[in-house]
Amino acid sequence: MRSGRHGAARPPLSVVIYQDRVDFSLFAVLAVITLVVMILSGVTSLAFWLSFLGLLTLIVLVVRRIDRLSRDEVNAEEFL
(Lines give C-alpha, C1' and ligand atoms only; values in the text may rest on other atoms or scores of the structure.)
Protein backbone atom coordinates (compact mmCIF):
# COMPACT_ATOMS: atom_id res chain seq x y z
CA MET A 1 0.00 0.00 0.00
CA ARG A 2 1.34 3.42 -0.87
CA SER A 3 1.90 5.95 1.81
CA GLY A 4 1.10 9.61 1.44
CA ARG A 5 -1.51 12.18 2.06
CA HIS A 6 -4.94 11.46 0.76
CA GLY A 7 -7.05 14.41 -0.20
CA ALA A 8 -4.15 16.85 -0.11
CA ALA A 9 -5.22 20.43 -0.56
CA ARG A 10 -4.50 21.85 -3.98
CA PRO A 11 -2.95 25.30 -4.27
CA PRO A 12 -5.19 28.24 -5.16
CA LEU A 13 -5.80 28.80 -8.85
CA SER A 14 -4.07 32.19 -8.83
CA VAL A 15 -0.85 30.60 -7.54
CA VAL A 16 -0.93 27.98 -10.28
CA ILE A 17 -1.55 30.56 -13.01
CA TYR A 18 1.18 32.84 -11.64
CA GLN A 19 3.71 30.01 -12.00
CA ASP A 20 3.14 29.83 -15.75
CA ARG A 21 2.07 33.35 -16.69
CA VAL A 22 3.38 33.13 -20.25
CA ASP A 23 1.40 30.00 -21.11
CA PHE A 24 -1.82 31.36 -19.67
CA SER A 25 -1.26 34.70 -21.42
CA LEU A 26 -0.97 32.86 -24.72
CA PHE A 27 -4.11 30.88 -23.92
CA ALA A 28 -5.94 34.16 -23.24
CA VAL A 29 -4.76 35.70 -26.53
CA LEU A 30 -5.87 32.60 -28.43
CA ALA A 31 -9.27 32.70 -26.73
CA VAL A 32 -9.77 36.37 -27.64
CA ILE A 33 -8.79 35.78 -31.27
CA THR A 34 -11.09 32.76 -31.46
CA LEU A 35 -14.03 34.69 -30.00
CA VAL A 36 -13.46 37.60 -32.39
CA VAL A 37 -13.45 35.23 -35.36
CA MET A 38 -16.63 33.61 -34.08
CA ILE A 39 -18.37 36.96 -33.65
CA LEU A 40 -17.31 38.35 -37.02
CA SER A 41 -17.98 35.23 -39.10
CA GLY A 42 -21.49 34.26 -38.01
CA VAL A 43 -23.01 30.90 -37.16
CA THR A 44 -23.38 29.70 -40.75
CA SER A 45 -19.70 30.09 -41.58
CA LEU A 46 -17.16 27.29 -41.57
CA ALA A 47 -14.73 29.62 -39.77
CA PHE A 48 -17.19 29.88 -36.88
CA TRP A 49 -17.34 26.13 -36.36
CA LEU A 50 -13.59 25.67 -36.72
CA SER A 51 -13.09 28.43 -34.16
CA PHE A 52 -15.65 26.76 -31.91
CA LEU A 53 -13.68 23.51 -32.05
CA GLY A 54 -10.52 25.49 -31.36
CA LEU A 55 -12.16 27.11 -28.34
CA LEU A 56 -13.20 23.73 -26.94
CA THR A 57 -9.68 22.44 -27.46
CA LEU A 58 -8.28 25.52 -25.74
CA ILE A 59 -10.51 24.95 -22.72
CA VAL A 60 -9.35 21.34 -22.46
CA LEU A 61 -5.70 22.43 -22.67
CA VAL A 62 -6.17 25.05 -19.94
CA VAL A 63 -7.85 22.58 -17.60
CA ARG A 64 -5.15 19.97 -18.19
CA ARG A 65 -2.38 22.54 -17.65
CA ILE A 66 -3.92 23.73 -14.39
CA ASP A 67 -4.31 20.15 -13.20
CA ARG A 68 -0.71 19.31 -14.07
CA LEU A 69 0.69 22.41 -12.37
CA SER A 70 -1.37 21.84 -9.22
CA ARG A 71 -0.25 18.20 -9.01
CA ASP A 72 3.37 19.30 -9.38
CA GLU A 73 2.86 21.87 -6.63
CA VAL A 74 1.40 19.28 -4.26
CA ASN A 75 4.22 16.85 -5.05
CA ALA A 76 6.83 19.54 -4.44
CA GLU A 77 5.35 20.24 -0.99
CA GLU A 78 5.61 16.58 -0.04
CA PHE A 79 9.36 16.60 -0.62
CA LEU A 80 9.88 19.50 1.80
Side-chain angles (χ1 to χ4, degrees):
M1 185 184 285
R2 293 175 32 178
S3 64
R5 299 183 320 200
H6 296 287
R10 301 264 176 145
L13 190 59
S14 60
V15 171
V16 172
I17 291 175
Y18 184 75
Q19 289 176 352
D20 230 355
R21 291 184 307 268
V22 175
D23 282 351
F24 287 104
S25 298
L26 291 173
F27 287 147
V29 168
L30 287 172
V32 168
I33 291 171
T34 302
L35 290 173
V36 167
V37 168
M38 289 174 72
I39 290 170
L40 294 177
S41 65
V43 180
T44 59
S45 174
L46 178 63
F48 176 88
W49 294 107
L50 290 176
S51 295
F52 182 73
L53 290 176
L55 188 62
L56 292 178
T57 305
L58 186 63
I59 291 169
V60 169
L61 289 174
V62 167
V63 169
R64 289 185 58 165
R65 186 69 180 150
I66 288 172
D67 184 51
R68 178 67 184 174
L69 287 172
S70 63
R71 277 191 280 131
D72 289 346
E73 182 75 18
V74 169
N75 289 337
E77 288 178 2
E78 288 181 356
F79 288 122
L80 294 177

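It should be emphasised that the depicted structure is a prediction, and the values quoted were computed from it without experimental measurement.
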Trainee: Test Asp67 against every option in Arg65, Arg71, Arg64 by the side chain to side chain donor-acceptor pair (under 3.5 Å) rule and name the one that passes.
Mentor: Arg71
Trainee: Answer with yes or no whether the hydrophobic clustering places Val37 together with Leu30; edges join I, L, V, M, F, W, Y residues whose side-chain heavy atoms lie under 4.5 Å apart.
Mentor: no
Trainee: Take Val29 and Phe24 through the test side chain to side chain contact (heavy atoms under 4.5 Å, CB included) and record every step on the way to the result.
Mentor: CA-CA 9 Å; Val29 168; Phe24 287 104; over 6 Å; no
Trainee: Could you walk me through whether Leu56 and Val60 pass the side chain to side chain contact (heavy atoms under 4.5 Å, CB included) test, one step at a time?
Mentor: CA-CA 6 Å; Leu56 292 178; Val60 169; 5.8 Å; no
Trainee: Do Arg21 and Tyr18 meet the cation-pi criteria used here (NZ or CZ under 6.0 Å from the six-membered ring centre, within 45° of the axis)?
Mentor: yes
Trainee: Between atom CZ of Phe27 and atom CD1 of Ile66, what is the distance when rounded to the nearest 0.5 Å?
Mentor: 9.0 Å
Trainee: Check whether Leu58 and Ile33 end up in the same hydrophobic cluster, where Ile, Leu, Val, Met, Phe, Trp and Tyr are linked by side-chain heavy atoms less than 4.5 Å apart.
Mentor: no
Trainee: Answer with yes or no whether the hydrophobic clustering places Leu61 together with Leu69; edges join I, L, V, M, F, W, Y residues whose side-chain heavy atoms lie under 4.5 Å apart.
Mentor: yes
Trainee: Flag yes if Leu35 and Phe48 sit in one hydrophobic cluster, no otherwise; membership is Ile, Leu, Val, Met, Phe, Trp, Tyr, and two members link when side-chain heavy atoms are under 4.5 Å apart.
Mentor: yes
Trainee: Does Trp49 reach the main-chain N or O of Val43 with its side chain, forming a donor-acceptor pair under 3.5 Å?
Mentor: yes
Trainee: Could you tell me the separation between the CD1 atom of Ile39 and the OG1 atom of Thr34, rounded to the nearest 0.5 Å?
Mentor: 11.0 Å
